[in-house]
Amino acid sequence: MSKPRIIVTRRWPEEVEKVLTEKYDAQLNVDDVPMTVAEMQDAFRSADAVLPTVSDKVNAEVLGATPMKARMIGSFGVGFNHIDLDAAKAAGLTVSNTPDVLTDCTADLAITLMLMVARRAGEGERHARNREWTGWRPTHMMGTSVHHKTLGLIGMGRIARAVATRAAHGFGMKIIFHDPFPPRAEDIAGLNARQCSSPKEVFEQADFVSLHCPGGKETYHLIGADAFAAMKPGAFLINTARGDIVDEQAMVAALQSGQIAGAGLDVYESEPTISEPLLGMENVVTLPHLGSATIETRVAMGMRVVENIDAFFSGKTPRDKLV
Ligand code: DGY
């Protein structure tokens with residue numbers, strides 16, 4: 001029997017690409033150039049499975065390709081707001097993602113951003129590299145302590161809980177959260193986490209607000225001018241979730257007016273473009289969407305896609321089936 005044909009839209013870790021080429025008739029993207037809409041449509045017309053990632057737009061236009069040959073989308077990444085799930089379902093496609101394997105890695109990066117922005121690490125590094133440092137002094141570049149402060153989580157899924165664990169046990173932070181689908185009591189045991197009835201309650205009480213809700217229509221611009229106005233003066237915003245949860249223009253205004261003290265950002269509204277004013281602000285840490293970027297995690301994400309497509313092509317339900 002011939003092997004199913006799969007098309008991988010971007011470069012994946014070598015170890016995973018090797019497995020894919022052994023098991024499947026695989027077309028890799030060795031140049032790692034993002035595919036155009038027409039190329040994506042061709043992929044859906046010619047492959048049995050397309051393996052996109054979070055930077056591809058798998059929208060209704062792409063999924064409208066005819067005649068559709070593909071039967072499966074094995075997405076590399078946990079977030080799936082880049083895929084129109086309704087259009088995929090209507091086209092008869094099964095879709096999977098890669099949860100769990102990037103939880104710790106992404107939580108580590110949220111904590112990295114929180115510490116960097118609170119302790120002025122980005123600013124300090126620029127200062128040192130620019131040879132501006134004139135020596136130790138008691139008032140030089142004083143930051144903010146995170147210890148025993150209140151961390152407010154928007155969304156309380158796996159990654160948020162991993163952030164809360166680090167913050168509560170590492171820094172004695174008080175944890176408050178809002179999630180329209182609250183976690184089970186056993187999932188937050190030991191965190192002493194208090195559930196708030198609205199995002200606003202979180203904004204009003206948190207010293208650090210960290211975003212962990214999915215992107216997409218429901219959360220688009222959830223953090224806008226009203227949210228910034230509700231935040232404590234001196235609060236910091238951390239975003240490792242999705243850029244469009246935050247109204248980037250409103251965030252720039254809140255940072256410029258001093259309404260909030262700083263922001264630690266890994267994701268942006270129009271990636272890979274970052275709003276120009278953010279790049280000039282010392283109290284903003286900007287990382288290029290590195291949440292899951294460790295070798296261990298990226299290999300695990302790829303292997304999780306392999307597990308999902310293996311299941312699909314052997315007639316089983318993929319472990320991470322979304323539709
Ligand atoms: C995801 O998997 O959704 C992340 O954003 C990639 O790190």
Side-chain angles (χ1 to χ4, degrees), residues 8-13 15-17 29 32 34-35 50-59 72-85 88 95-114 116 153-163 166 179 181 210-220 222-223 237-246 248 263-274 285-309 318-323:
V8 186
T9 65
R10 300 301 297 262
R11 277 242 75 159
W12 286 18
E15 198 174 322
V16 189
E17 288 189 340
N29 182 352
D32 206 17
M35 289 167 65
V50 178
L51 313 189
T53 188
V54 298
S55 52
D56 296 307
K57 282 195 180 31
V58 191
N59 53 20
M72 161 103 196
I73 299 175
S75 189
F76 183 111
V78 64
F80 47 84
N81 61 320
H82 58 294
I83 304 175
D84 184 331
L85 290 184
V95 184
S96 64
N97 66 339
T98 62
D100 306 321
V101 289
L102 45 61
T103 300
D104 283 325
C105 192
T106 308
D108 292 346
L109 200 88
I111 296 290
T112 303
L113 284 170
M114 179 175 76
M116 281 184 78
L153 301 160
I154 300 296
M156 198 56 171
R158 284 174 294 251
I159 297 172
R161 299 197 299 268
V163 172
R166 286 153 176 73
D179 193 319
F181 307 98
S210 189
L211 306 180
H212 300 284
C213 49
K217 288 194 286 286
E218 278 86 35
T219 57
Y220 180 77
L222 175 70
I223 314 295
L237 177 72
I238 311 298
N239 191 4
T240 52
R242 282 293 179 265
D244 61 5
I245 301 168
V246 178
E248 216 161 271
L265 308 171
D266 190 42
V267 289
Y268 309 88
E269 264 204 271
S270 308
E271 293 180 22
T273 304
I274 302 177
V285 177
T286 53
L287 295 181
H289 205 147
L290 295 180
S292 62
T294 65
I295 297 166
E296 294 85 347
T297 299
R298 291 284 164 86
V299 169
M301 290 164 78
M303 294 311 293
R304 189 77 171 230
V305 178
V306 174
E307 186 185 332
N308 282 314
I309 61 171
R319 175 176 176 181
D320 306 311
K321 180 172 186 255
L322 295 165
V323 294

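For ligands, and for the atoms within them, numbers begin at 1 and follow the listed sequence.
- Exactly one of Leu113, Leu109, Asp266 qualifies for a side-chain contact (heavy atoms from CB on, under 4.5 Å) with Ile238. That residue is Leu113.
- Listed by chain and number, the residues in a side-chain contact (heavy atoms from CB on, under 4.5 Å) with Glu296 are Thr294 (sequence neighbours excluded).
- Protein residues with a heavy atom closer than 4.0 Å to ligand 1 are Val54, Gly77, Val78, Gly79, Leu102, Arg242, His289, Ser292, Met301, listed by chain and number.
- Here the CE atom belonging to Met303 is positioned 7.5 Å from the CD atom belonging to Glu15, to the nearest 0.5 angstrom.
- Counting only distance, with no hydrogens or angles, the side chain of Asp56 and the backbone of His82 share no donor-acceptor pair below 3.5 Å.
- Asp32 contributes a side-chain N or O that, together with a main-chain N or O of Arg11, makes up a donor-acceptor pair within less than 3.5 Å.
- Side-chain atoms of Ser96 never come within 3.5 Å of backbone atoms of Asp320 as a donor-acceptor pair (strictly under, hydrogens ignored).
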